[in-house]
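Letters go in sequence order (proteins before strands), and every chain restarts at 1.
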Amino acid sequence: MKNIFLTAALVTIFAIMLICVFLFANGIPAMKEIGLPEFLLGTDWSPGDVPASFGIYPMILGSISVTLGAVLFGVPIGLLTAVFMAYYCPNGLYKVLKPAVELLAGIPSVVYGFFGLMILVPFVRNLFGGNGNSILTASILLGIMILPTVIGVSESAIRAVPDQYYEGSLALGATHERTVFFTILPAASSGIFTAVVLGIGRAIGETMAVIMVAGNQARMPAGILKGIRTMTANIVLEMGYAADLHRGALIATGVILLLFILFINITFYLLKRRATI
Amino acid sequence: MAKQTSFILKSFVMAATIITFGILLFLIGYILIKGVPYLTPSLFNMSYTSENVSMFPSIINTVLMTLLSLMIAIPFGLFTAIYLVEYAKRGNKLVEIIRLTSETLAGIPSIVYGLFGMLFFVTYLGWGYSILAGSATLSVMILPLIIRTTEEALKSVPDSYREASFGLGAGQLRTVFHIVLPSAVPGILAGVILAIGRIVGETAALIYTAGTVAKLPKDLLSSARTLSVHMYTLSSEGFHTNEAFATAVVLLIIVLLINTVSMVIARKVTKI
């Protein structure tokens, strides 16, 4: 029976190997055919042209820009909310707000996307001009979507700081706010950084919500009020009708996305290990 | 001076909190107000037509997809967690590797799962766009979640239970199945419910594995769209915005229910 449990446990390793093998085996030949520098740094994505060109540099920049935007919006708000949850929230209110954060995490990404499409797109259009489908809109929406991750992880990091820090700082005459911001937060910084890394992972992998608000033009970023296409959007939008090298190029886009995520995961793992030592 | 800084910092904290929960309230309120009036009985007709975009087939598909995914993922997840907690020796290198891979799996975005499912289940195994391919993909996706929550549930069972069971002469296997697992059930259940939430909300992993056919499935190899996919198709087509709102209401209600149930169960766990 022990061996059955062991076999089940090995399935996880097997699954991740299978995922890598199938993506790499289908993506790498396409990368070779296009040429790796051309694929990664080419600024033109026109799969329909003769000859077709498959440069995903615009999409890489697209993914990076909306992710950075999401961090810019989501991290300060999330972190400050986490501070509230840990140091300001009365007990009764906490019993309502904690499930509310979980609810925020549970809302499906299509629903977020739809909300973005109906509310954020017109909002950005009326306030800043442009047609509303833009880097800015996608950044705000992704910022909202990473809130529960940032709040949850930073709150537990803040709570993990020993009480003596707080009491010691108060005893030295610092106010509640000064203590929280200049003693507790620095002490929790590695946990907070983990929260940011997890948020980045969530933002860069998000697909459906981004498709619905980012405009999806496959061109170099032209300003925060202009549309952009991310790597994830590229795959979903074109996989339905792609064939041959085009299909290979989309799978190769998935490979690059997977490499980004693996890199983020390794960073996360190293951070966590340093925190436990 | 110190007072002023404190005041400014405090107002930042309050403002951020109001923004966070304000957005949540606004989102829920907006969807409910726009969607509830369109929750007509005809939206729950047995069949989907292009005039009446009934969500009923998608609801049935979602239930099927959820059950099938859980049937695949729970045994593997449960057994893995049992191995990690009950059988593996402390400091075992394999355990370290399994934890690492499970964490990596948890971080992979759903579209990558979708691509993998398309390449492996749909094309390589020849299942085509089908419920089977979709739920196989989803079961890989929820596996890390189930492993982690089950692991935590098993770890929270006090060692004295195991020792007492061994002391009464029960073997390892008997102890696991008759003593440890029953006491860990609420924790495991909370994890399973979270997994249901992920399945119900998933879109990107399903479009190219289960497809988007809006009919009741004939068998496990027929293509079927779940409620989330249904909602995505409605909103991207752009002809049925009101019905999309109504679908969003149903999705929100499901998510609310799932969260409440898992909270109630989790509360029971902490009481013990």
Of the backbone (N, CA, C, O) and the side chain (C-beta and beyond), which part of [X] lies under 4.5 Å from a heavy atom of chain A, both, or neither?
X: Ile82(B); result: side chain
X: Leu252(B); result: side chain
X: Thr241(B); result: both
X: Ile28(B); result: side chain
X: Leu105(B); result: both
X: Tyr113(B); result: side chain
X: Phe21(B); result: side chain
X: Ile147(B); result: side chain
X: Ser139(B); result: neither
X: Thr104(B); result: both
X: Tyr30(B); result: side chain
X: Tyr129(B); result: neither
X: Ile31(B); result: side chain
X: Ile18(B); result: neither

Measuring from atom [atom1] of [X] to atom [atom2] of [Y], what distance do you get when rounded to the nearest 0.5 angstrom?
X: Glu86(B); Y: Phe5(A); atom1: CD; atom2: CZ; answer: 9.0 Å
X: Glu177(A); Y: Thr5(B); atom1: CD; atom2: OG1; answer: 9.5 Å
X: Ile16(A); Y: Ile98(B); atom1: CD1; atom2: CD1; answer: 12.5 Å
X: Phe115(A); Y: Ile23(B); atom1: CZ; atom2: CD1; answer: 7.0 Å
X: Met208(A); Y: Ser110(B); atom1: CE; atom2: OG; answer: 8.5 Å
X: Arg178(A); Y: Ser6(B); atom1: CZ; atom2: OG; answer: 7.5 Å

| said: For a quick test of reading the model, state the closest non-hydrogen atom pair linking Ile108(B) to Ile261(A) and the distance between them. | reply: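 Closest pair (atom of Ile108(B), atom of Ile261(A), distance): CA-CG2, 4.1 Å.
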| query | Looking at Ala15(A) and Val140(B), what are the two nearest heavy atoms and their distance? | reply |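 Where Ala15(A) meets Val140(B) most closely, the heavy atoms are CB-CG1, 4.1 Å.
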| request: Output yes when a side-chain donor or acceptor of Asn259(B) lies under 3.5 Å from a complementary backbone atom of Glu102(A), and no otherwise. | output: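 Judged by distance alone, yes, a pair lies under 3.5 Å.
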| query | Has the side chain of Tyr208(B) got a donor or acceptor atom that lies under 3.5 Å from a matching backbone atom of Gly240(A)? | reply |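 The answer is yes, because a donor-acceptor pair under 3.5 Å joins these two groups.
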| request: Could you tell me which of Val101(A), Leu117(A), Leu262(A), Asn26(A) has the largest number of non-hydrogen atom pairs under 4.5 Å with chain B? | output: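 When all of Val101(A), Leu117(A), Leu262(A), Asn26(A) are compared, Asn26(A) has the most.
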Top contributor to chain A contacts, counting heavy-atom pairs under 4.5 Å, from [options]:
options: Ile207(B), Ile97(B), Leu173(B); answer: Leu173(B)
options: Phe76(B), Tyr124(B), Phe12(B), Phe245(B); answer: Phe245(B)
options: Gly107(B), Ala248(B), Gly117(B); answer: Gly107(B)
options: Leu251(B), Leu27(B), Thr260(B), Ile258(B); answer: Leu27(B)

| Side chain / backbone / both / neither for Ile151(A) at chain B, heavy atoms under 4.5 Å |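 Only the side chain of Ile151(A) comes within 4.5 Å of chain B.
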Other residues, nucleotides and ligands only: do more than 12 of their heavy atoms fall within 6.0 Å of [atom1] on [X]?
X: Lys10(B); atom1: NZ; value: no
X: Tyr87(B); atom1: OH; value: yes
X: Phe123(A); atom1: CZ; value: no

| request: Evaluate the side-chain proximity of Leu9(B) to Phe182(A): yes if any heavy-atom separation is below 4.5 Å, no if none is. | output: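 In short, these two side chains touch, coming nearer than 4.5 Å.
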| Any side-chain heavy atom of Leu100(B) sitting closer than 4.5 Å to one from Tyr269(A)? |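 Result yes, sub-4.5 Å side-chain heavy-atom pair found.
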